[in-house]
Amino acid sequence: MRFASEFRDPVLARALLAAVAGKAEAIGATRERPVHIMEICGGHTHSIFRYGLDKLVHEGIEFVHGPGCPVCVLPMARVDECVAIAERPEVIFATFGDAMRVPGHRKSLMQARADGADIRMVYSPLDALELARRNPDREVVFFALGFETTTPSTALAILQAAREGLGNFSVFCNHITVPEPIRALLEDPDMRLDGFIGPGHVSMVIGLRPYDFIARDFGKPLVVAGFEPTDLLQALLMVLTQIAEGRAAIENQYARVVPENGNPVSLAAIAEVYERRPSFEWRGLGEIESSGLRIRPAYAAFDAEAKFGIGYAAARRTVPEIEGCACGQVMTGRLKPTQCPQYGRGCTPESPLGALMVSSEGACAAYWQYAGARTAAA
Amino acid sequence: MCLGIPGRITAITDPARLMALAEISGVRREVNVACVAGPDLGALVGRWVLIHVGFAMALIDADEAARTLEALRDLGEAQETLEQLALTEEALR
Amino acid sequence: MTLRATHVTMAHGGGGRAMRELIESVFTDVFRPPGSEDQARLAEEALREPGARLAFTTDSFVVRPLRFPGGDIGKLAVCGTVNDLAVGGARPLWLSAAFIIEEGCEVALLREVVATMAEEAARAGVRIVTGDTKVVERGKADGLFITTSGLGVIPPGRDLGAARIRPGDVAIVNGVLGDHGAAILAARGDLALSAELASDCAGLGHLMQAALAAAPGITAARDCTRGGLASALNEMAAEAGLAIEIDETRLPLRPEVVGVCEILGLDPLYLASEGRLVLFCPEAEAAAALAAMRALPEGAGAVAIGRAMAGEPGRVTLRTAFGGARIVDMLVGDQLPRIC
């Protein structure tokens, strides 16, 4: 078994699609009155478009693309702060490729690199550590972003740096968490969601229990899913089954990877290095309480915010988003990407206004790439 | 969010730093195994793990994978039976 | 003339004796251009045929690392220009080669590159007839840049072009895709990936001639270099004013290329190949084209991957193995490795 191709079997998919259609009929979902299922994770959004699942499922199912793309929810102010750090002459700024094109007010990291900043794309925080070892006379700053899946890797990198006494390595922490924005979405009176497909790789770290409030307090089903097409369809079927049976529970379709209680080593590393910020700003969603992490004072030597007096460590920071950008409404499911007045006009992948058009996981970029850019403006 | 892919651990490269070699479709990369290591590091060799940004984040449970596929195949068969029934009904109409 | 220096210095670009030593010892002794003038004087029988046309193309080559599994920058520079001529239906004949050399470049590396260029040129049946060198200060170039221009002859009556593609024409590629792009990513080392991957870099002149002989109705061909198969098909669909549909299950991809793409979150359809082309021919000739291509080593993996059809002009669609369909659009910029 390779644990991937087996879950792309078109024969199994056909059976799943038929079963999904049956359940959709049973609960009376129609094109006019669809059930709204949010896939929280941007990776799921990507899979849905890559395999064309949105067109294959019953017309009574509407996918609402959630806020689970860490690049998309990064506020412009944070990008500006990155650029400011990266432009310091002593700094080597190491980042995942995802963040390179996100627009800031002045420029993106890509533009900053063209202007002379020393910015390196890396695959892993371990590669940033290696840069620090090899360049003892430079300050290596790693741009840490991502949800609970990625947080353990940067925590372990900081712990490793501490063990080695690497004084020229620091982390610009932008880690955020999944459950808090879901609560914020559910508390919004305009929100009309019937159920959730839960993020598979976040859940392999945090387990299932952090989602309990969704079923218990809000009465909505959530099924944690893998990223292959039959994974997604099976999870969708499980959500619809719960709706049909009038139940709301937290279930796990991705048991081959997600243990009920998550990964203890990862959780311990996160707890050791990070603590919650009182609140953190999400692009399009605003400040959300307890939704972001910062580096604990014990590890301040590795905290770029402390080292450079920037970001939440600075006095004033909130900068308004660009006018006309409706990323917030798209991200909360109020608008479809194609309903945004800027989609395909003021905002294209060539010159994105908002982050949803930048990241390949952003709902707008996914629409553009896979669902027909050229029909957009029509 | 969070691109993660299955790979197989083929060797332990640096026990002190918990580093191992993983193979993904014939491509090799050193990964950190802190999150999946038990007391016996050697036991990881041959295991499938889920890799994200250079870290093995979870052991893949082959039994659970088989169970998921089994459930899907059962569903496939059930669906086939339903379709057969529908066809028969139509033919009899 | 002998050259003792082990590294190129600014003196080798100065116009004096040192420059002559470099040029003669490293370049002209190997390329053996027909004359010593600053121009090549060329005669070719094929050009005298009424209706024959000259084809002329130019391309610059930059790559890091300069040597990689399966080739080096010199092989790229010869094959790239030969292929640009070949896919237009021309028989490649002559190349020029201009070298921008960074101060400090190893002379041994230059010799190696020149040797592969001479070897590839001989294999492709072309001559490198004129050239130039410049030396720039350290830091002003990345080791070595090469620009090659090429001339070839298109026989009377042959007119390939994407605008000639007709609905129903079959799309054929000559082998596995994306090996070059994946091999370069792995060879750079900064992503710490290792794999048994070599660049597919190869001259395609003979392959194109063989395909055209077997299937004279071939309407158009493109090499799948920068931007990969996806970009080549998008350009062709736009120029033809047709839609193109390809079938995911028929796309030839090595598992290692798929592996590199999965790790870095890239799409292999956009990875560069330097020895691959996609051509279109009428369905009636597709079997003959495939057979002729498969008879040559650089076409051993030839396979039909899809077809042109009436539809939204410029639209390229991939039928997924899964039964769905997705649009394969042009990339905005480079593909960047991603974690999300």
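Each chain gets a letter, A, B and so on, in the order its sequence line appears, and its residues count up from 1. Values reported hereafter were calculated over all heavy atoms of this structure, with side chains retained and with hydrogens, waters and symmetry mates removed.
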Exercise. Look at A:Arg163, A:Arg133, A:Gln160 and state which one has the largest set of heavy-atom pairs under 4.5 Å with chain B.
Key: A:Arg133
Exercise. Counting only heavy atoms closer than 4.5 Å, note whether B:Leu59 contacts chain A via side chain, backbone, both or neither.
Key: backbone
Quiz prompt | Separation between CG of A:Leu237 and CG of B:Leu75, rounded to the nearest 0.5 Å | solution = 6.5 Å
Quiz item: Closest approach of B:Ala34 and A:Val265, non-hydrogen atoms and distance?
Solution: O-CG1, 3.4 Å
Quiz item: Checking B:Arg73 against chain A: side chain, backbone, both or neither under 4.5 Å from a heavy atom?
Solution: both
Quiz item: Can you name the closest pair of heavy atoms from B:Met57 and A:Thr149 and give their distance?
Solution: CE-O, 3.4 Å
Quiz prompt | Most contacts with chain A, counted as non-hydrogen pairs under 4.5 angstrom, among B:Ala65, B:Ala58, B:Gly76 | solution = B:Ala65
Quiz item: Of all heavy-atom pairs between A:Ala255 and B:Asp61, which one has the smallest distance, and what is that distance?
Solution: O-CB, 4.4 Å
Self-check item: Residue pair B:Leu3 / A:Phe227, side-chain heavy-atom distance below 4.5 Å
Solution: no
Quiz prompt | Worked check of side chain to side chain contact (heavy atoms under 4.5 Å, CB included) between B:Asn32 and A:Ser153 | solution = CA-CA 9 Å; B:Asn32 180 294; A:Ser153 68; over 6 Å; no
Quiz item: Nearest 0.5 Å, what's the CE-NE2 distance between A:Met204 and B:His52?
Solution: 6.5 Å
Quiz prompt | Beyond-backbone contact of B:Arg29 with A:Tyr123, side-chain heavy atoms, under 4.5 angstrom | solution = yes
Quiz prompt | Which portion of B:Ile24 sits near chain A, non-hydrogen atoms under 4.5 angstrom | solution = neither
Exercise. Could you grab the distance from atom CZ of B:Arg8 to atom CZ of A:Phe3, nearest 0.5 Å is fine?
Key: 8.5 Å
Practice problem: Tell me, out of A:Leu16, A:Val11, A:Val71, who's got the most heavy-atom pairs with chain B below 4.5 Å. | Solution: A:Leu16
Exercise. Write down the atom of A:Leu126, the atom of B:Met19, and the distance for their closest heavy-atom approach.
Key: CD1-CE, 3.8 Å
Self-check item: A:Gln253, part contacting chain B, at a heavy-atom distance under 4.5 Å
Solution: both
Quiz item: Roughly how far, to the nearest 0.5 Å, is CZ of B:Phe55 from OG1 of A:Thr150?
Solution: 10.5 Å
Quiz prompt | B:Gly54 versus A:Ser124, closest heavy-atom pair with distance | solution = CA-OG, 3.9 Å
Exercise. First locate atom CZ of B:Arg17, then atom CD of A:Glu164, and finally report the distance between them rounded to the nearest 0.5 Å.
Key: 4.5 Å
Quiz prompt | Portion of B:Ala62 that has a non-hydrogen atom of chain A nearer than 4.5 angstrom | solution = both
Quiz prompt | Which portion of A:Glu6 sits near chain B, non-hydrogen atoms under 4.5 angstrom | solution = both
Practice problem: Please state whether the side chain, the backbone, both or neither of A:Val258 comes within less than 4.5 Å of a heavy atom of chain B. | Solution: neither
Exercise. Can you measure from OG1 (B:Thr68) to CD (A:Glu228) and round to the nearest 0.5 angstrom?
Key: 12.5 Å
Quiz item: Heavy-atom distance under 4.5 Å to chain B: side chain of A:Leu12, backbone, both or neither?
Solution: side chain
Self-check item: B:Leu50 portion near chain A, given a 4.5 angstrom heavy-atom threshold
Solution: side chain
Quiz item: Pick from A:Gly146, A:Ala19, A:Ala4: which one has the most heavy-atom pairs with chain B under 4.5 Å?
Solution: A:Ala19
